[in-house]
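The next block holds one structure in the form of structure tokens; read it before the comments.
When reading the values below, keep in mind they use all heavy atoms of this one structure, side chains included, and skip hydrogens, waters and symmetry mates.
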Amino acid sequence: MEYRFGGSATNQKTVLGQPSGLFVLFFTEMWERFSYYGMRALLVLFLITNVLGDAEKGYAPGWGWERADAVILYGWYIGLVYLTPIIGGLIADKFTGYRKAVIIGAVIMTVGHASMAFEVFADWFFYIGLVLLILGNGMFKPNISSMVGQLYKSQGEEKDAGYTIFYMGINAGAFLGILLCGYIGENIGWHYGFGLAGIFMFFGMLQFYFGQKIFGKIGLSAKAETDFIDERGIQAEEDLLKNKPEEVPANVTRDRIIVISIFALFTTFFWWAFEQAGSSMTIFASDYTDRALTGDSALIFKIINTIITVVPLLVITYVLGMLFKQTFKKFALSNFWLGLSFAIIWGIVIWMLVREFQSDTTEVAASWFSVLNSLFIILFAPLFAKFWQSRFNPTGPIKFAMGLILVGIGFAALAYGSMDIPLGAKTASVSMIWLVLAFLLHTLGELCLSPVGLSYVSKLAPVRLVGLMFGIWFISNFLAGVIGGWTASFMDPILDEHGLSTFFLIFTLIPIGAGIIMVLISPIIKRMMHGIR
């Protein structure tokens, strides 16, 4: 057999033209993102809901925090979630290897979600849960992304397409997590939503643990790599000598690391705006958007909601079936846990849809709008993957500029939609169309920037420092989260003095300005990439 990809012989069997191992990582990351986004969708809503609950919105009792305090905690949480990967990447590079780091991180996050589910008994469980999620993500996040890059022997368009498909898995998990954890948290109880997130994190870990041999020597520590014998019976040390990468000149390595740093800087502006989805945009959905539906409108929404829930889940289940076909003989136990998790998901989805159709009244959940981001990614990611492989494929800097400009235009839609909200208003009934349009534009921008960014880190970083470089890459998310939460805390003061449109215009002008700068400096960046496209 010709070894087109890295990893074992089983990994050479393709699914959608990509190595089978990509989809083991795809589903592992999917369940991790299910847990992360499922909890994230609830965090601010839980914190700002009255301690007696909100009968009008159907919310269970929350903690009754002020908006500003809630979004600042949210900002620190999502920021720290992306700071700890630099430590996790270093630990994996020097000691554990990527595989063990992913498993350790998944176990810690599972315990973290369980702790958050116990917040009903004592508040401190909630804070311990947040800390564990931050630490666990640090071990998990950079190292699973590093393994994706090592599945490919080439550095070209095939890897870009692989990262885009991997990104589709990320957002499939986010889609299901927001949809199900958000629905259960808002309608049944916050701690049930928090707990559900942890269950599927656990399933994702088991699927990865029992399927990890598909990666061959990929993801092992240096010592384990030396001792490894793959399916062909070839000792890894000999294999490594035969495939030793060509030495890259120091000046080229330096320039490429500088390019990663530039991309990370501009990515900060993107995520600073984009992560408003869980803070100011969630508040806008909860308090300023007309979500109550009656009559034909309610029925139409129920039908649309059923379609956008069932169709993506059918697509993902189809991918699951193709993976089973290629890997079940050698990795039956991994496939069992993956299949069980999907059976449970289908059961919850059917229960939710039946419950909604039986309800006399319909109010769109505030967390539901965040589902649109993941839905649009599932729909558009394959198209972008094809586009990046075509002759029209733009350079990396131009892709980044497109992402920044699109996220800014999305906030322009929100600024326009909120023009008629009076100064200081605590509630309003703005049409849902502006949130839908904003999420569409933000998603298209994300597809231009985020999966491509992951691919470029993999291609530009020195092999010995890939995990660390991914950790450094995520520092941009840390800064964006903390600064974004701090900026969102000014939502009420700006609303009182200047109006909500002015608040959203801040997130319009700054990303667009950053995108224009990226276009202007793109020739310089392209030269510093030294042939990496």
Side-chain angles (χ1 to χ4, degrees), residues 31-49 51 59-88 104-142 173-174 177-178 181-182 184-186 189-202 204-205 271 275-280 282-283 367 370 471 474-475 477-486 488-489:
W31 291 132
E32 188 275 329
R33 292 290 88 182
F34 180 102
S35 68
Y36 172 75
Y37 280 99
M39 192 284 289
R40 195 193 77 159
L42 298 174
L43 185 58
V44 169
L45 291 174
F46 165 71
L47 292 172
I48 66 176
T49 299
V51 292
Y59 294 168
W63 279 10
W65 283 24
E66 294 295 326
R67 289 175 178 176
D69 296 331
V71 296
I72 286 175
L73 177 64
Y74 168 83
W76 273 104
Y77 168 68
I78 63 169
L80 290 171
V81 154
Y82 287 102
L83 179 64
T84 51
I86 189 171
I87 302 171
I104 291 168
V107 170
I108 294 172
M109 285 188 285
T110 298
V111 177
H113 283 293
S115 182
M116 290 193 72
F118 290 145
E119 61 79 24
V120 69
F121 300 112
D123 291 354
W124 57 268
F125 277 116
F126 178 83
Y127 293 111
I128 289 177
L130 286 179
V131 171
L132 290 173
L133 291 175
I134 290 166
L135 295 176
N137 191 83
M139 292 295 288
F140 185 99
K141 187 69 177 173
I178 295 168
C181 295
I184 289 173
E186 289 187 51
W190 304 110
H191 56 284
Y192 289 110
F194 294 144
L196 183 66
I199 290 172
F200 290 98
M201 181 71 260
F202 182 64
M205 183 273 293
W271 291 118
E275 286 292 358
Q276 295 299 306
S279 54
S280 62
T282 293
I283 292 171
S367 59
S370 294
F474 291 127
I475 287 180
N477 296 77
F478 161 71
L479 294 172
V482 174
I483 299 171
W486 174 77
S489 71

Practice problem: Please report the closest heavy-atom contact between Ser370 and Ala277, naming both atoms and the distance. | Solution: OG-O, 4.0 Å
Quiz item: Taking atom CE of Met116 and atom CD1 of Ile128, what is their separation to the nearest 0.5 Å?
Solution: 12.0 Å
Quiz item: If you look at every heavy atom in Ile72 and Trp486, which pair is closest and at what distance?
Solution: CG1-CA, 4.5 Å
Practice problem: Determine the sole option in Tyr36, Tyr37, Phe34 for which the ring-ring contact (aromatic ring centres under 6.0 Å, His included) test with Phe200 is passed. | Solution: Phe34
Quiz prompt | Side-chain touch Val71/Ile283, heavy atoms, less than 4.5 angstrom | solution = yes
Quiz prompt | Pairs touching residues 191-202 that satisfy side chain to side chain donor-acceptor pair (under 3.5 Å), sequence neighbours left out | solution = none
Exercise. Using a 4.5 Å cut-off on heavy atoms from C-beta on, say whether the side chain of Ile78 contacts that of Trp271.
Key: no
Practice problem: Measure from the side-chain N and O atoms of Glu275 to the backbone N and O of Gly75, and report whether any donor-acceptor pair falls under 3.5 Å. | Solution: no
Practice problem: Taking all heavy atoms of Gly88 and all of Met139, pick out the closest pair and write down the distance. | Solution: CA-SD, 3.9 Å
Quiz item: In Å and rounded to the nearest 0.5 Å, what is the CE to CH2 distance from Met109 to Trp31?
Solution: 14.5 Å
Exercise. Kindly give the heavy-atom pair with the smallest separation between Leu45 and Glu186, and that separation in Å.
Key: CD1-OE2, 3.7 Å
Quiz item: Going from CZ on Arg40 to OG1 on Thr282, what distance comes out if it is rounded to the nearest 0.5 angstrom?
Solution: 7.0 Å
Quiz item: Do you know which two heavy atoms are closest between Val44 and Gly278, and how far apart they sit?
Solution: CG2-O, 3.2 Å
Exercise. Output every pair passing side chain to side chain donor-acceptor pair (under 3.5 Å) with a member in residues 123-137, not counting sequence neighbours, ordered by first then second residue.
Key: Arg33-Asn137
Quiz prompt | Heavy-atom pair with the smallest gap, counting every atom of Pro142 and Pro85 | solution = CG-O, 3.4 Å
Quiz prompt | Set of side chain to side chain contact (heavy atoms under 4.5 Å, CB included) partners for Leu47, sequence neighbours left out | solution = Leu43, Trp63, Trp65, Ala70, Leu73, Phe126
Self-check item: Short side-chain to backbone donor-acceptor contact, Ser115 and Phe125, under 3.5 Å
Solution: yes
Quiz item: Quick one: OG1 on Thr84 to CD1 on Ile475, what's the gap to the nearest 0.5 Å?
Solution: 11.0 Å
Quiz item: Distance from Asp69 atom CG to Ile48 atom CD1, nearest 0.5 Å?
Solution: 11.5 Å
Practice problem: Would you give the length of the straight line joining atom OH of Tyr77 to atom OH of Tyr82, rounded to the nearest 0.5 angstrom? | Solution: 9.0 Å
